[in-house]
Every structure is written in C-alpha cells, then in structure tokens.
Amino acid sequence: MMLSLTACSVSSSKNENTAVTASKVTDEKENETVEEKKVLFDGNNIFVEYRGIEEYSSDSWIINLYVENNTDSDFYLSTRNVLINNCTVGLSNSVVEIKKGTKYLAEPNFNFVLNLENLEPYNIKSVDSINFELYMSHEILGEAFSSSEVNLSPKKAFESSSRVLGSSEDKTIILNDNDILIEYRGLEKYSSDSWIVNLYIENETDSDFYVSANDVQINGFALELSNSQSLIQSGSKYMSFPNFDFIIDSNKLKSYGIESIDELSFNISLSHEILGESFIEKSVNLNPGISVVVED
C-alpha cells in the first residue's frame with residue numbers, strides 16, 4: 001500500500017451534536033438567484049437544497065443548505081460521515097432544528113461550518129468533492145425518517161499552509177495489511193490542556209469499520225482517552241487530529257504527576273460494528289518523550 005502525504009485521493013467529527021433552532025428566512029426559493037444550486041431532497045413537504053460554499057471568514061466556510069419545512073412537525077437536520085476529497089473531516093454546528101412551517105438557511109445561522117485548518121493536515125488546497133449523509137429525524141439522536149447520500153463537486157480552492165503533522169521520526173506503522181494502513185504520527189497539542197494521539201488511517205477495503213484505542217497506559221498509569229473510537233469509511237483516509245479524536249487530557253496527567261509522556265501503550269482494535277467483535281487487534285508501544293506540563 002502506498003502512503004500519500006498529499007491531498008486525499010482514495011475514494012467521522014466527528015459531527016458536533018449541538019442543536020440550534022433555525023431562524024426564519026423570508027426569501028422565496030423561486031425568487032432568489034444563487035450561483036450554485038442542487039436539490040438534495042424534495043418530498044413529504046420538505047425541501048432541502050445545496051446553495052454552494054460561502055466564505056464566512058478567512059479560515060472558515062459554510063456549506064450553505066436551504067431548507068423548507070412545510071410539515072406539521074419540527075425535525076432535526078444533520079450532516080454525518082463527512083468526507084472532503086475522501087478525507088474524514090467533521091463540520092462544526094452540524095445539527096440544526098428546523099421548526100414546522102419555517103424556512104432556514106445555513107449561512108446566517110453559522111451552521112455546517114468547515115474549518116479550513118482541519119483540511120491542512122491532509123494537505124488539501126482545493127475542495128473538489130464533498131460527500132456526506134443527509135440525516136433527518138424527529139429527535140436529536142433519534143432514528144432517521146429520511147437518510148440519503150449527498151455527493152457535491154464544489155471545485156473551490158483556498159490558500160493553505162500545507163501543514164503536515166509530525167516529523168518522519170514521529171511516524172510508526174502500526175498496521176499495513178489487507179488494504180488497511182494505520183500509522184502513528186506523533187502527539188499533537190490541540191489546546192492548552194489536551195493532546196491528541198494522531199493516527200492516520202487508509203481504508204482501501206470495501207467495508208466501513210470502527211477503530212478504537214483501549215487499555216491505554218501512559219508511563220505505566222492507566223488512562224482513558226476521550227473520543228477513543230471513530231468510524232473509518234470504505235475508500236477513505238482519516239486523521240485523528242482534525243477530527244478531535246483520541247484525546248489525552250493534560251489535567252489527568254497532572255493528577256498522576258506526569259510532566260512528560262515517555263511511554264505510551266494501547267491496544268488498537270478494528271470492528272465492523274460499533275460494539276462488535278474485533279476482526280483485527282494490535283498492541284502498540286511507543287516512546288514519545290513529549291513534555292506535557294500544565295501551568296497553574
């Protein structure tokens with residue numbers, strides 16, 4: 001299997017599950033002129049349309065969705081399993097409540113936000129394709145009454161610093177077999193009190209699978225990671241840093257008196273169901289040698 005350091009070419013934010021209530025948009029869809037439009041759903045008195053990518057700020061874009069809810073019930077609209085150029089990238093504010101009898105537009109509500117800095121670790125310089133599951137349900141975490149796959153081709157370029165995380169010394173191949181590559185790409189500081197075990201994964205199989213990190217030990221102390229399981233879609237690439245997965249809480253390290261991560265060990269398991277039996281398990285032992293002092 002070839003390892004690529006360039007933008008993803010092989011065919012989860014992890015989405016934030018924070019719901020917001022849609023405000024009413026008064027423009028009629030028939031009278032509004034929009035450069036890019038694509039109908040994503042039109043049935044059962046619900047209309048969903050893609051209206052292009054809008055630049056919200058210098059470092060964030062909005063996938064601008066227009067929705068009409070002409071039913072007698074509120075519902076939640078979300079984007080799941082988002083791929084940008086076949087790379088897993090979570091959107092911010094990706095669950096929205098659509099009130100009955102209202103119209104909604106993502107841009108003025110700052111929903112479905114693509115943070116450009118999350119593309120840089122993949123060395124993406126142009127958003128050529130966007131794929132996601134359009135999910136509608138009556139409860140925020142409820143069963144879908146409608147779910148469909150969306151494929152878009154924006155062909156929208158942006159200036160990138162082309163940040164590639166980790167030096168060559170940081171990289172360790174954990175698994176490279178049966179069309180699956182898993183590589184450790186170092187510890188990356190995400191915030192003042194959190195670090196991410198940066199895993200890079202290529203899934204060239206015909207099936208999705210879940211990857212999880214269990215039985216984690218740091219310098220011999222047992223410690224659970226936050227967001228320690230992620231879906232890896234068939235034909236996609238994934239990196240834990242831009243998806244905020246496999247997080248080490250520095251405050252937990254401080255409680256153990258750990259000021260440097262010298263030894264890091266965990267078990268990687270792959271399964272086809274979220275709590276299913278593993279079809280691959282690997283023990284991982286690393287020596288990062290990273291200072292993680294948390295200031296008072």
Side-chain angles (χ1 to χ4, degrees), residues 11-30 32 34 36-54 61-84 86 88-114 129-154 206-210 227 229-236 243 271-276:
S11 316
S12 130
S13 188
K14 192 141 317 218
N15 295 341
E16 294 184 9
N17 290 322
T18 303
V20 296
T21 300
S23 63
K24 186 175 263 188
V25 176
T26 58
D27 293 334
E28 294 291 339
K29 68 175 184 287
E30 294 86 1
E32 184 176 1
V34 180
E36 299 177 69
K37 288 186 179 181
K38 182 177 182 179
V39 175
L40 306 183
F41 183 86
D42 190 2
N44 300 320
N45 293 318
I46 295 173
F47 180 83
V48 183
E49 186 176 59
Y50 165 72
R51 292 196 171 181
I53 292 180
E54 301 294 339
W61 291 350
I62 288 177
I63 298 176
N64 202 20
L65 299 182
Y66 172 82
V67 185
E68 290 186 7
N69 179 7
N70 296 315
T71 74
D72 295 328
S73 302
D74 305 341
F75 68 86
Y76 291 91
L77 177 78
S78 62
T79 53
R80 298 187 172 192
N81 304 329
V82 180
L83 296 177
I84 306 293
N86 297 320
T88 304
V89 179
L91 302 181
S92 301
N93 302 338
S94 60
V95 182
V96 62
E97 184 179 18
I98 311 296
K99 291 291 189 179
K100 62 182 178 181
T102 65
K103 300 176 183 180
Y104 159 88
L105 194 62
E107 182 185 16
N109 291 286
F110 196 50
N111 298 135
F112 308 108
V113 182
L114 175 60
S129 65
I130 302 176
N131 308 91
F132 57 86
E133 178 186 3
L134 186 70
Y135 193 93
M136 290 181 273
S137 61
H138 290 298
E139 301 293 334
I140 191 168
L141 296 176
E143 184 178 353
F145 64 82
S146 177
S147 175
S148 57
E149 296 298 319
V150 174
N151 302 290
L152 305 170
S153 302
D206 295 329
S207 303
D208 301 345
F209 62 80
Y210 291 89
N227 299 344
Q229 186 177 64
S230 188
L231 173 67
I232 313 300
Q233 297 182 69
S234 171
S236 73
N243 290 285
S271 61
H272 291 299
E273 302 292 335
I274 194 166
L275 296 175

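Worth saying up front: this structure is predicted, and the values here are computed from it rather than measured.
- The two residues Arg80 and Ser78 have their closest heavy-atom pair at NE-OG, 3.7 Å.
- The shortest side-chain heavy-atom distance between Ile63 and Leu91 falls under the 4.5 Å cut-off.
- Using a 4.5 Å heavy-atom cutoff, the side chains of Val39 and Phe47 are in contact.
- The closest donor-acceptor contact from the side chain of His272 to the backbone of Tyr210 lies at 3.5 Å or more, if one exists at all.
- Of the possible polar contacts, none joining the Asn93 side chain to the Phe112 backbone as a donor-acceptor pair under 3.5 Å is found.
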Would you tabulate the side-chain donor-acceptor contacts of residues 135-151 under 3.5 Å, counting partners in other chains and residues two or more places apart, or write 'none'?
unit_1 : atom_1 : unit_2 : atom_2 : d
Tyr135 : OH     : Gly142 : O      : 2.9
Tyr135 : OH     : Ala144 : N      : 3.0
Ser137 : OG     : Glu139 : O      : 2.6
His138 : ND1    : Asp74  : O      : 3.2
Ser147 : OG     : Glu133 : OE2    : 2.4
Asn151 : OD1    : Asn131 : ND2    : 2.4

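- When all heavy atoms are compared, the tightest approach of Ile46 to Asn69 is CG1-OD1, 4.4 Å.
- Counted within 6.0 Å of CG on Asn44, heavy atoms from surrounding residues, nucleotides or ligands total 12 or fewer; the atom is thus considered open.
- When all heavy atoms are compared, the tightest approach of Ile62 to Asn111 is CG2-O, 3.3 Å.
- In this structure, Ser271 and Gly276 approach most closely via the heavy-atom pair CB-O, 3.7 Å.
- Scanning both residues, Pro154 and Ile130, for their nearest heavy atoms gives CG-CD1, 3.6 Å.
- Counting heavy atoms from C-beta on, the side chains of Val67 and Phe41 never come closer than 4.5 Å.
- Side-chain atoms of Glu107 never come within 3.5 Å of backbone atoms of Glu54 as a donor-acceptor pair (strictly under, hydrogens ignored).
- One finds the CG atom of Leu275 at 6.5 Å from the CD atom of Gln229 (value rounded to the nearest 0.5 Å).
- With rounding to the nearest 0.5 angstrom, the CD atom of Glu49 is 10.0 Å from the CG atom of Asn64.
- With sequence neighbours left out, the side chain to side chain donor-acceptor pair (under 3.5 Å) criterion links Ser73 to no other residue.
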Where do Leu65 and Val96 land on the side-chain contact (heavy atoms from CB on, under 4.5 Å) test, with the steps shown first? CA-CA 11 Å; Leu65 299 182; Val96 62; over 6 Å; no
